[in-house]
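These notes concern the structure reproduced below.
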There are 2 protein chains.
Amino acid sequence: MNSTRQALIDSMKELLWLRGYDATSPNQVLDHCGAGKGSFYHHFKGKKALAIEAMNERVDEMIDECDAIFTADIPWLKKFETFLLQPRAGIKGCPVGRLAFDPSMADRDLREPITRYFSHLQYRITNELMEAQQDNMIDSFFMAEELAAMIISSIQGGYVQSRALNDAQQIEHSCRGAFALLYVHTTALNESF
Amino acid sequence: MNSTRQALIDSMKELLWLRGYDATSPNQVLDHCGAGKGSFYHHFKGKKALAIEAMNERVDEMIDECDAIFTADIPWLKKFETFLLQPRAGIKGCPVGRLAFDPSMADRDLREPITRYFSHLQYRITNELMEAQQDNMIDSFFMAEELAAMIISSIQGGYVQSRALNDAQQIEHSCRGAFALLYVHTTALNESF
DNA sequence: GTCTATACACCGATAGAC
DNA sequence: GTCTATCGGTGTATAGAC
């Protein structure tokens, strides 16, 4: 059966979110899912191999959620409202972004899923902004890539502040600030027509 | 002499920046500054005590840099331009913010300097934005705290993206995006008068 | 496929000579 | 104030029985 194998992946996913890669030991994974050491090294070559599989599953899920919003048939500003103002676990942090400063990022293989996630986010958001610019909904003065980076930062930086201040609401403030700026700029542009 | 003691603090400051708290061992600090184990535990109670002292020094420096900008006698928008567009080591990350997801943040004493830094940043920036609002330079529609959180996020989230994509320029994009939004909104407001 | 026992390196910290 | 030797604990991984 694959159930033990999947249980190991699921436990690793959760512990990577809670504690990162470096601070998560095989023993912790085993305690979390109730498996034994033998199972671990039977199903996976080692900690690194399991973590890569776990991270790729996580990233696939996160990318699906992102795409569900940005490929929906709703107005562009509503997409950003949905994306930015969705509820988030400020203290836990982003399952992907929280690994950015984990010592494991020195390893190319372990960094790859994280790179894949942020590349995709930037691609989706930049595209959406460029379309809005073509429709004259956003001033062409802006570099779409820069706005996209700022929007992603309002989430990732929000998590950092939530953590640093031990206050789950910080990320909400950050995202509302980003959306407000986008919103006001857009309505101002529309009024001038 | 205090030179060994200060060398230990300086090495810990550098290693906290490069590798964080959890992944930095006393042995690494010793190798970095050439001291021996005896010196370490003579001058400090342990790893935690040294790290707290090192972090407080770092935070004091960072706060001084921040205050130098926001208490300068220059127009408010220029302050944000200076603050946001200053050169940054994207790959290394923020010496303070990079610790947000370090396992050590579970410890109140170790988190305290980090909390102090972000509290101060928010205080300074929120104040500056509120003054700009009183002078009708920024629309009162905005919540100053939310804009402040977003501005800090454009830096911290920019670091996260630089790390994740292994591209030092990402943080620059993010900060330019944030400043552009602030800049355009302000000039738009001025033109309407 | 899963278990227990074991190996070896490194962790944070201490002891005691100099 | 600084050194080396050493401690108990934990990390990742392997061996070999079942």
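Just so we're clear, the structure is a prediction, and the values are computed from it rather than from any experiment. In the text below, chain A, chain B and the rest are named by the order of the sequence lines, each starting its count at 1.
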Would you please indicate if the ring centroids of A:Phe83 and A:Phe70 are separated by under 6.0 Å? yes
Compare every heavy atom of A:Arg19 with every heavy atom of B:Pro103, then report the nearest pair and how far apart it is. CG-O, 4.4 Å
Donor on one side chain, acceptor on other, B:Glu131 and B:Asn127, under 3.5 Å: no
B/S/- along nucleotides 11-18 of chain C (protein heavy atoms under 4.0 Å) is SSBB----
Side-chain polar contacts of residues 29-37 of chain B - donor-acceptor pairs under 3.5 angstrom, sequence neighbours left out - could you list them?
unit_1  : atom_1 : unit_2  : atom_2 : d
B:His32 : ND1    : B:Ser11 : OG     : 2.8
B:Lys37 : NZ     : B:Asn27 : OD1    : 2.9

Between [atom2] of [N] and [atom1] of [X], the distance in whole Å:
X       : N     : atom1 : atom2 : answer
B:Leu8  : D:dT2 : CG    : C1'   : 11 Å
A:Phe44 : C:dG1 : CZ    : P     : 12 Å
A:Leu30 : C:dT2 : CG    : P     : 12 Å

For A:Asp102, is there an ion pair with B:Arg163 - N to carboxylate O distance below 4.0 angstrom? no
Using modelled atom types only, decide if a donor and an acceptor are shared between the side chain of A:Lys47 and the backbone of A:Thr24 within a distance under 3.5 Å. yes
Side-chain N,O (B:His42) to OP1/OP2 (D:dC3) below 4.0 Å: no
